Trainee: 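Provided herewith is a single structure, encoded as structure tokens, for subsequent inquiry.
First the proteins, then the strands, lettered A, B, ... as listed; each starts at 1. Everything numeric in this text was worked out from a predicted model, so none of it was measured.
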Amino acid sequence: MSILVGNHSRVIVQGITGKEGGFHASQCREYGTNVVGGVTPGKGGQEFEGLPVFDTVYEARMATACNVSLIFVPPAFAADAILESIEASIELIVCITEGIPVNDMVKVYSALKSSKSRLIGPNCPGIITPGQAKIGIMPGFIHMPGRVGLISKSGTLTYEAVNQLTELGIGQSTCVGIGGDPIIGTQFIDLLALFEADRDTDAVVMIGEIGGSLEPEAAAWIRDNMSKPVIGFIAGQTAPPGRRMGHAGAIISGGDETAHAKMKVMRECGLFVAETPAMIGETVKQALSQSRKRYAGPAGLSMVY
Amino acid sequence: MKIHEFQAKEILKRYGVSVPVGFVTDKLSDVKKIHKKLPTEVCVVKAQIHAGGRGKGGGVKVAKNLQQAEKYAADILGMQLITHQTGPSGQKVRKILIEQGMNITKEYYLAMTLDRTAGKVTAICSTEGGMDIEEVAEAHPEKIVKTRIDVANGITGASLRKMTKALGFTDKAMVQKFHDFCRSLYQAYMEMDCSLVEINPLVTTKEGELFALDCKLTLDDNSLYRHPEAAALRDEHEEDPLELEAQKFGLNYIKLDGNVGCMVNGAGLAMGTMDIIKYCGGEPANFLDVGGGASAATVANAFSIITKDPNVKAILINIFGGIVRCDRVAQGVLDAMKIVPLKVPLVVRLSGTNAEEARRMLNDSGISIITATGIKDAAEKVVKAIRN
């Protein structure tokens, strides 16, 4: 059934009466996502394209039994919007907003740890289970239902990778953009564990960036815990140290945060590493054919041994 | 946002962190006046630029008296200071900080920054002060002690005791001073929305005092909206003029040393595009993220900035049209051509919604644009265009 989202997802949009929130709420519905309402403080009782708008997330939850919240709230109020969803015990919170103050996210992160909610993002394209639910801003049409999971810090680079997969006829189980900020709610390892346990996923693509240590930590975790093949890429091989490359988190502050260092660790941990962003699709294809040989059933055993 | 040492010290002083008495100036004629106000005859003249490694580059000098102070001030003010962080051309010194002298007994290191994995602010301290902390981390990792601070509880007694022990403070009065110092520093970090506060060195003196002798402070760009006073701390001289111009257009631009100008939507794809240019044998001249929109005006602005860099010998536009339609982007490129004439080869790769139509528009326009289908095709074509 893929991970986190699907036909069972009942979505509310925080900031649905705003320009971005409204546009993407419509786009998600068009894709087939079950959007059940919206929240904008002060606009409770109104309607958005036939959907009820509530003043608070709590009211929305009581009225619609929503289990996912998609957030399009300006940076100054976004942390508060996430906290509101945590307090209303929303299972999955997806925050698209870019530019939230880091110290606000320190507080959100602390609140998340003592809650049952999961946060994807912020500063991310969202999450999609192709053919079932699109909860985010990604272009739905490039995706194709299938059995490869994808986790990425980036937006358009993810679309590039998905596009390559679809063109090669390789469908996706679920694609998650975890976000490019220094503090994000869900990290590579959390999702790798979900994909490893998911019966509908055969392999996972992991697209990282310079800065921080999430990717090497994930690579070590993969080496110790994963049976499914993982394909990795790190963007930013040409990035100079000390410069913020667009994303707040994409900044090299130590030698082990460079793309080369991270790719080296990935290789050492047994990942299939794509040298360039153009080779992500091909690398997945190779990984799938190799692992098929390795994990072939009784008929294939003679080939391996 | 990076700020100068003297600005950082002014902020810390407001929060009760002890810093040396000192005054900043951009005029040599002020040196005498400043020297008179200092509590000591001996003073330190420090170049104020954002880059680190100022001491090794000759930008920090200890003067025994006023005559020496005036001489060093004359040497440093206006010099082109080259450090390992400035690049080979160095950075012009426009301001100097003149501070009191100290009877230093020992130097320590103390910093607060974000631990991304834990999602918490982390205090880092070491007995090896005054050195490059990365080198200490490499050679003596055991001499670096880290304490994570929980945002709900603030800096706890246990954290303070852990750091006190690590730095070896035993004198009761000094321990108290250190605890106060750390508490004030954490308060400043949180209230000013810093992403880094680094005191290197933190010093003890013969008189039993504790001072932040040098200080580096970085403010979180995302939080600047709630610190309107911080806008005044920005020093545009420390920034690249093209990067400043790009900021005014809301573009994310970073100048690099290569010759392939790049225009891409999204930070990750922009980095990926630079990577593949390098892989194909070229060198990117810049990082440029035009954001999700990529309207005609954005494309035109981005174009004018890229073409102002004299090193640019060819341009690559790589747009993945998701929500944005490629035909609109293509129209933007064509409109931009009318405003900013094209003098170097231009390779355009548009993928996603209405990509076919966009390619046809560019091909039919009569302007010599090289269209590409994939990201690799685009990189190869742009590198080839430069070689020809």
Trainee: Identify which part of B/Asp275 has an atom lying under 4.5 Å from any heavy atom of chain A, answering side chain, backbone, both or neither.
Mentor: both

Trainee: Would you say A/Glu98 has more than 12 foreign heavy atoms packed within less than 6.0 Å of its CD?
Mentor: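 12 or below, so no.
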
Trainee: Flag yes if more than 12 heavy atoms outside B/Glu229 fall under 6.0 Å of its CD atom; otherwise flag no.
Mentor: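 For B/Glu229, atom CD is crowded (more than 12 foreign heavy atoms under 6.0 Å).
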
Trainee: For B/Arg234, which residues count as a side chain to side chain donor-acceptor pair (under 3.5 Å) partner, sequence neighbours excluded?
Mentor: B/Glu239, B/Gln247

Trainee: Which of these, B/Asp150, B/Val151, B/Ile149, sits in a side-chain contact (heavy atoms from CB on, under 4.5 Å) with A/Val106?
Mentor: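 That would be B/Val151.
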
Trainee: Say you draw a straight line from CD1 of B/Ile277 to OG1 of A/Thr276; how long is it, rounded to the nearest 0.5 Å?
Mentor: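 OG1 of A/Thr276 is found 12.0 Å from CD1 of B/Ile277.
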
Trainee: Relative to chain A, which segment of B/Glu243 carries a heavy atom at a distance below 4.5 Å: side chain, backbone, both, or neither?
Mentor: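 Side chain of B/Glu243 only, per the 4.5 Å heavy-atom cut-off to chain A.
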
Trainee: Side chain, backbone, both or neither: which part of A/Glu167 has a non-hydrogen atom closer than 4.5 Å to chain B?
Mentor: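 The answer is neither part of A/Glu167.
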
Trainee: Given heavy-atom pairs under 4.5 angstrom as the criterion, report whether the side chain, backbone, both or neither of B/Thr117 touches chain A.
Mentor: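 Answer is both: backbone and side chain atoms of B/Thr117 are under 4.5 Å from chain A.
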
Trainee: Can you tell me how far OG1 of A/Thr238 sits from CD1 of B/Ile276, rounded to the nearest 0.5 angstrom?
Mentor: 11.5 Å

Trainee: Can you measure from CZ (B/Arg116) to CE (A/Met105) and round to the nearest 0.5 angstrom?
Mentor: 13.0 Å

Trainee: Given that the side chain runs from C-beta out, which part of B/Ala379 has a heavy atom under 4.5 Å from chain A: side chain, backbone, both or neither?
Mentor: neither

Trainee: Can you tell whether the side chains of B/Arg226 and A/Asp104 come within less than 4.0 Å, N to carboxylate O?
Mentor: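 Yes, B/Arg226 and A/Asp104 are salt-bridged.
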
Trainee: Heavy-atom pairs under 4.5 Å with chain A - which of B/Leu288, B/Val264, B/Leu224, B/Ile254 has more of them than the others?
Mentor: B/Ile254

Trainee: Side chain, backbone, both or neither: which part of B/Leu256 has an atom under 4.5 Å from a heavy atom of chain A?
Mentor: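 Contact with chain A is through the side chain of B/Leu256 alone.
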
Trainee: CD of A/Gln237 to NZ of B/Lys278: how many Å apart, nearest 0.5 Å?
Mentor: 9.0 Å

Trainee: Who among B/Lys120, B/Met271, B/Lys376, B/Gln85 has the most heavy-atom pairs with chain A under 4.5 Å?
Mentor: B/Met271

Trainee: Which of the residues A/Gly99, A/Pro75, A/Ser154 is involved in the greatest number of heavy-atom pairs with chain B at under 4.5 angstrom?
Mentor: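 Of A/Gly99, A/Pro75, A/Ser154, A/Gly99 has the most heavy-atom pairs under 4.5 Å with chain B.
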
Trainee: Indicate the atoms forming the closest heavy-atom contact of A/Pro277 with B/Gly272, along with that distance.
Mentor: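 Heavy atoms of A/Pro277 and B/Gly272 come nearest at CG-O, 3.2 Å.
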
Trainee: Please test B/Tyr189 against A/Asn103 for side chain to side chain contact (heavy atoms under 4.5 Å, CB included), starting from the C-alpha separation and ending with a verdict.
Mentor: CA-CA 9 Å; B/Tyr189 182 96; A/Asn103 279 347; 4.0 Å; yes

Trainee: Could you give the distance from CG (B/Leu114) to OH (A/Tyr109), rounded to the nearest 0.5 Å?
Mentor: 10.5 Å

Trainee: Checking A/Thr283 now: which residues fulfil side chain to side chain contact (heavy atoms under 4.5 Å, CB included) with it, not counting sequence neighbours?
Mentor: A/Ile231, A/Phe272, A/Ala274, A/Met279

Trainee: Report the C-alpha distance between B/Ser351 and A/Asn163 in whole Å, list the side-chain angles of each, state the deciding distance to 0.1 Å, and finish with yes or no for side chain to side chain contact (heavy atoms under 4.5 Å, CB included).
Mentor: CA-CA 9 Å; B/Ser351 188; A/Asn163 202 40; 3.5 Å; yes

Trainee: Against chain B, label A/Ala76 side chain, backbone, both or neither, depending on which of its atoms sit under 4.5 Å from a heavy atom there.
Mentor: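 Contact with chain B is through both the backbone and side chain of A/Ala76.
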
Trainee: Under a 4.5 Å heavy-atom cut-off, does chain B meet the side chain of A/Ile142, its backbone, both or neither?
Mentor: side chain

Trainee: Return the option, out of B/Asp377, B/Asp257, B/Asn252, with the maximum number of heavy-atom pairs under 4.5 Å with chain A.
Mentor: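 Top option by heavy-atom pairs under 4.5 Å: B/Asn252.
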
Trainee: Quick check for you: among A/Glu217, A/Lys113, A/Glu160, which has the greatest number of heavy-atom pairs under 4.5 Å with chain B?
Mentor: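 Top option by heavy-atom pairs under 4.5 Å: A/Glu160.
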
Trainee: Flag the pair B/Tyr225 / A/Pro101 as yes when at least one side-chain heavy-atom distance between them is below 4.5 Å, and no otherwise.
Mentor: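 Sidechains of A/Pro101 and B/Tyr225: in contact.
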
Trainee: Given a strict heavy-atom distance threshold of 4.5 Å, which part of A/Leu112 is in contact with chain B: side chain, backbone, both, or neither?
Mentor: neither

Trainee: Heavy-atom distances under 4.5 Å only: say whether A/Ser213 touches chain B with side chain, backbone, both or neither.
Mentor: side chain

